[in-house]
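All ligand and atom numbering here is 1-based and tracks the order in the structure. Heavy-atom basis, side chains included; hydrogens, waters and symmetry copies ignored.
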Amino acid sequence: MLRNRRDAFGWGTIALHWTIALLIVGLIVLGYVMTRPNIDPELQFSLYQWHKSFGMTALALALIRLVWWLASIHPVPVAGMTLLERRGSAMAHGLLLALTVVVPFAGWAVASTSTLGIPTLLFNRVLVPHLPMDRSAAAESFWTEAHALLAYGLAGLVAVHAAAALYHHFRRHDEVLTRMLGIFRRQVTSNAHQQPQGHDK
Ligand code: HEM
Ligand code: HEM
């Protein structure tokens, strides 16, 4: 099942969710490492190019996900969640969706306003045009700050989001995490196989 149903996430949503999650966690670690002082300049240059390439990939997938999300039906919240929890999770998901688009755009703005004018070559192959912005030290420094702040803000939100998912799985024992892993439907099917036997006995 590619598309979401009222009671389950489809493979489209699941594949986009985990691919983007993996990319973003990797980009945060890479971004932190490559901006440390005293790093070898040649290695640093190469890490910056990888960061920009994977960052643009994350942006493309986040835009696809946004369209996919707008065009999809959304599974109902799992049973047992209070109104406050439902509102909190909807807000957190909205913010995650927005930040996955805004953070890479801010990164693109850093590359576009940089006075160094280094081109962004996607995986050393495809030239990504710079955003139509003026190059200046002030603009570069503003976007560098904004990109870092937003990226670490996103990291904090992801940590809370992941902790909430693990809390649901290990403490509440509900299907919040398993349905995002695509296991939910299999459990329902195997239960369905087991139930008639139970009734026979
Ligand atoms: C960068 C990392 C991540 C981002 C940007 C992100 C973003 C999102 C978004 C936007 C949704 C809502 C999906 C929708 O309604 O279509 C969602 C759902 C979900 N995410 Fe993440 N996520 C990330 C990482 C993680 C991690 C690490 C975990 C688990 C350890 C996780 C577990 C879940 C679960 C279980 C749901 C389903 C919640 C529900 O049923 O309401 N996510 N995530
Ligand atoms: C979701 C995608 C992205 C994430 C999570 C991310 C995350 C980060 C992080 C955590 C840093 C380190 C900030 C610091 O400690 O100062 C960083 C730096 C940087 N990022 Fe990204 N980034 C993303 C996308 C992009 C994109 C698409 C570009 C450009 C095309 C980009 C360009 C840069 C640059 C040039 C720096 C270094 C700024 C400086 O010199 O201090 N990033 N990024």
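Put simply, the side chain of Trp108 reaches to within 4.5 Å of the side chain of Val128, judged on heavy atoms.
Shown here is Arg135, whose CZ atom has more than 12 heavy atoms of other residues, nucleotides or ligands within 6.0 Å. The 12-atom threshold is not exceeded at CZ of Arg171, counting heavy atoms of other residues, nucleotides or ligands nearer than 6.0 Å.
Atoms of ligand 1 lying under 4.0 Å from any heavy atom of Thr100, numbered from 1 in the order shown and given with element: 5 (C). Residue Trp69 has at least one heavy-atom neighbour below 4.0 Å for each of these atoms of ligand 1: 14 (C), 15 (O), 16 (O). The distance from ligand 2 to the heavy atoms of Gly55 drops below 4.0 Å at these ligand atoms: 24 (C), 27 (C). Residue Val103 has at least one heavy-atom neighbour below 4.0 Å for each of these atoms of ligand 2: 3 (C), 4 (C), 5 (C). Every atom of ligand 2 is numbered from 1 in the order shown, and the set under 4.0 Å from a heavy atom of Met34 is 18 (C), 19 (C), 20 (N), 36 (C), 37 (C). Taking every non-hydrogen atom of Ile24 and a distance limit under 4.0 Å, the qualifying atoms of ligand 1 come out as 1 (C). Listed by atom number, the atoms of ligand 1 under 4.0 Å from Leu97 heavy atoms are 10 (C). If you number the atoms of ligand 2 from 1 as listed, the ones under 4.0 Å from a heavy atom of Gly31 come out as 9 (C), 11 (C), 12 (C), 17 (C). Short contacts between ligand 2 and Leu27, defined as distances under 4.0 Å to a heavy atom of the residue, involve ligand atoms 2 (C), 3 (C), 4 (C), 5 (C), 7 (C).
Counting only heavy atoms of the protein, atom 27 (C) of ligand 1 lies nearest to Ala162 CB, 3.8 Å. The protein atom (non-hydrogen) at minimum distance from atom 33 (C) of ligand 1 is His161 NE2, 3.5 Å. Scanning the protein for heavy atoms near atom 28 (C) of ligand 2, the closest one is Gly107 C, 3.5 Å. The protein atom (non-hydrogen) at minimum distance from atom 37 (C) of ligand 1 is Phe9 CE1, 3.8 Å. Atom 7 (C) of ligand 1 has Leu96 CD1, 3.6 Å as its closest protein atom, hydrogens excluded (heavy atom only). Considering only non-hydrogen protein atoms, atom 30 (C) of ligand 2 sits nearest to Met56 SD, 3.7 Å. The protein heavy-atom contact nearest to atom 1 (C) of ligand 2 is Pro104 CD, 3.6 Å. Here the heavy atom of the protein found nearest to atom 18 (C) of ligand 1 is Met180 CE, 3.6 Å.
Looking at ligand 2, you won't find any N or O of Tyr32 less than 3.5 Å from one of its N or O atoms. Between Thr120 and ligand 2, a contact under 3.5 Å exists for no N or O pair. Of the polar atoms of Lys52, none of the N or O atoms is found under 3.5 Å from an N or O of ligand 2, judged by distance alone. In terms of polar-atom proximity, Tyr48 is counted as a contact of ligand 2, with an N or O under 3.5 Å from an N or O of the ligand. Residue contacts with ligand 1: Arg179 is placed with a nitrogen or oxygen under 3.5 Å of a nitrogen or oxygen of the ligand (distance criterion only).
Asn4 places a side-chain N or O within donor-acceptor distance of the main-chain N or O of Ile73, the cut-off being under 3.5 Å. Looking only at distances, a side-chain donor or acceptor of Glu85 sits under 3.5 Å from a matching main-chain atom of Thr82.
For Arg36, the heavy-atom gap to ligand 2 drops under 4.0 angstrom. At least one heavy atom of Leu177 sits less than 4.0 Å from an atom of ligand 1. Remark: distances from the non-hydrogen atoms of Phe54 to ligand 2 are all 4.0 Å or more. Contact annotation: Leu59 has no heavy atom less than 4.0 Å from any atom of ligand 2.
Among the atoms of His93, no N, O or S atom falls under 2.8 Å of atom 21 (Fe) of ligand 1.
At a 4.0 Å heavy-atom cut-off, ligand 2 touches Ala151 through the side chain alone. Under 4.0 Å from ligand 1, heavy atoms of Ala21 appear from its side chain as well as its backbone. Contacts between His168 and ligand 1 below 4.0 angstrom, taking non-hydrogen atoms only, are absent altogether. In Trp18, the part holding a heavy atom less than 4.0 Å from any atom of ligand 1 is the side chain. Proximity of Thr144 to ligand 2, defined as any heavy-atom pair under 4.0 Å, is confined to the side chain (atoms from C-beta onward).
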**Prompt:** Could you go step by step and tell me if His17 and Arg65 meet the side-chain hydrogen bond (donor to acceptor under 3.5 Å, both in side chains) rule?
**Reply:** CA-CA 8 Å; His17 175 271; Arg65 199 246 288 265; 5.4 Å; no

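The minimum heavy-atom distance between Thr35 and Tyr32, with the atom names listed, is OG1-O, 3.1 Å.
The residue from Val110, Leu149, Leu131 that puts a heavy atom closest to atom 35 (C) of ligand 2 is Val110.
At least one test fails for Arg3 against the ring of Trp11: distance under 6.0 Å to the centre or angle within 45° of the axis.
Within His17, the N, O or S atom lying nearest to atom 21 (Fe) of ligand 1 carries the name NE2.
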